[in-house]
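This report refers to the structure that appears directly beneath it.
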Amino acid sequence: VLTSWSDDGTLREAIRIGKASRRFDDTVVTAAVSMIDSLWQPNPAPTWVTCVPSLRRPELVRDLAKRLADQLHLPLVECIEKRRETEPQKRQENSVHQCRNLDGAFGTTGNMPPGPVILVDDMVDSGWTLTILAMVLRKAGSGPVFPFALASTAGGDDR
């Protein structure tokens with residue numbers, strides 16, 4: 001089950017198609033920016049954007065984060081590195097395995113601004129990836145971390 005911050009079936013379908021085609025449509029990005037600006041309004045206001053890196057699909061989330069950053073008039077700073085391949089979180093048996101799967105998998109590159117940041121991912125399965133990366137960013141000196149994903153696949157088969 002693919003769920004998102006929007007109940008709009010058209011948007012959910014556009015997210016599903018974008019994930020499959022490896023690029024999200026402009027309507028998805030525009031809707032995300034509108035949601036961030038109008039509904040979410042993170043406080044303190046983010047001063048930069050970063051994204052969850054992927055070794056399997058390196059361009060999908062990076063492209064989404066870049067387009068979001070551009071429309072939000074914020075810089076995209078790619079300061080997170082994935083140090084080793086991990087199993088997909090959705091394949092882990094439970095929360096302990098999900099957390100252990102990510103242990104030591106991510107680090108920072110050191111070119112990170114200190115202000116509040118939006119951390120972008122496309123889909124959330126367990127939530128552990130965003131949790132671990134928020135901790136990594138904070139430990140490395142970032143400001144508050146605001147995790148953002150287009151949708152959640154937790155508990156469903158549309159992954």
| said: Going by the rule side chain to side chain contact (heavy atoms under 4.5 Å, CB included), which residues pair with Glu81 if we only count those two or more places apart in sequence or in a different chain? | reply: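 Residues passing side chain to side chain contact (heavy atoms under 4.5 Å, CB included) with Glu81: Arg83, Thr109.
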Cut-off 3.5 Å, no hydrogens considered: what does the side-chain donor-acceptor table look like for residues 137-150, sequence neighbours left out?
| unit_1 | atom_1 | unit_2 | atom_2 | d |
| --- | --- | --- | --- | --- |
| Arg138 | NH1 | Ser142 | O | 3.4 |
| Arg138 | NH1 | Gly143 | O | 3.0 |
| Ser142 | OG | Leu137 | O | 3.3 |

Minimal non-hydrogen separation, [X] against [Y], with atom names:
X	Y	result
Trp48	Pro116	CD1-O, 3.3 Å
Ile15	Phe24	O-CE2, 3.4 Å
Leu68	Val29	CD2-O, 3.9 Å
Val61	Val120	CG1-O, 3.4 Å
Thr50	Ala65	O-CB, 4.4 Å

### Heavy-atom side-chain proximity of Val52 to Leu133 below 4.5 angstrom
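A side-chain contact under 4.5 Å exists here.
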(request) Evaluate the side-chain proximity of Leu119 to Ile80: yes if any heavy-atom separation is below 4.5 Å, no if none is. (result)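 Of all side-chain heavy-atom pairs linking Leu119 with Ile80, at least one is under 4.5 Å.
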query = Has Lys66 got more than 12 heavy atoms of other residues, nucleotides or ligands less than 6.0 Å from its NZ?
reply =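 No.
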#### Entry: Reference residue Lys19; test salt bridge (charged side-chain N to carboxylate O under 4.0 Å, His left out); the match among Asp25, Asp121, Asp122
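So, applying the salt bridge (charged side-chain N to carboxylate O under 4.0 Å, His left out) to Lys19 and each of Asp25, Asp121, Asp122, only Asp122 qualifies.
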Just list the side-chain donor-acceptor pairs under 3.5 Å for residues 33-46, sequence neighbours left out, or say none.
| unit_1 | atom_1 | unit_2 | atom_2 | d |
| --- | --- | --- | --- | --- |
| Ser38 | OG | Ser34 | O | 3.2 |
| Gln41 | NE2 | Asp37 | O | 3.3 |
| Gln41 | NE2 | Ser38 | O | 3.4 |

Open item on the list: Just to verify, which of Leu60, Ile17, Val28, Asp63 counts as forming a side-chain contact (heavy atoms from CB on, under 4.5 Å) with Arg23?
Closed with: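 Running side-chain contact (heavy atoms from CB on, under 4.5 Å) over Leu60, Ile17, Val28, Asp63 with Arg23 returns exactly one hit, Asp63.
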> Looking at CG of Leu76 and SG of Cys51, how far apart are the two atoms once the value is rounded to the nearest 0.5 Å?
Replying inline: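 Answer rounded to 0.5 Å: 5.5 Å.
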Go through the steps for Arg62 and Glu78 under the test salt bridge (Lys or Arg N to Asp or Glu O under 4.0 Å), then give the verdict. CA-CA 8 Å; Arg62 182 186 301 137; Glu78 295 182 60; 2.8 Å; yes
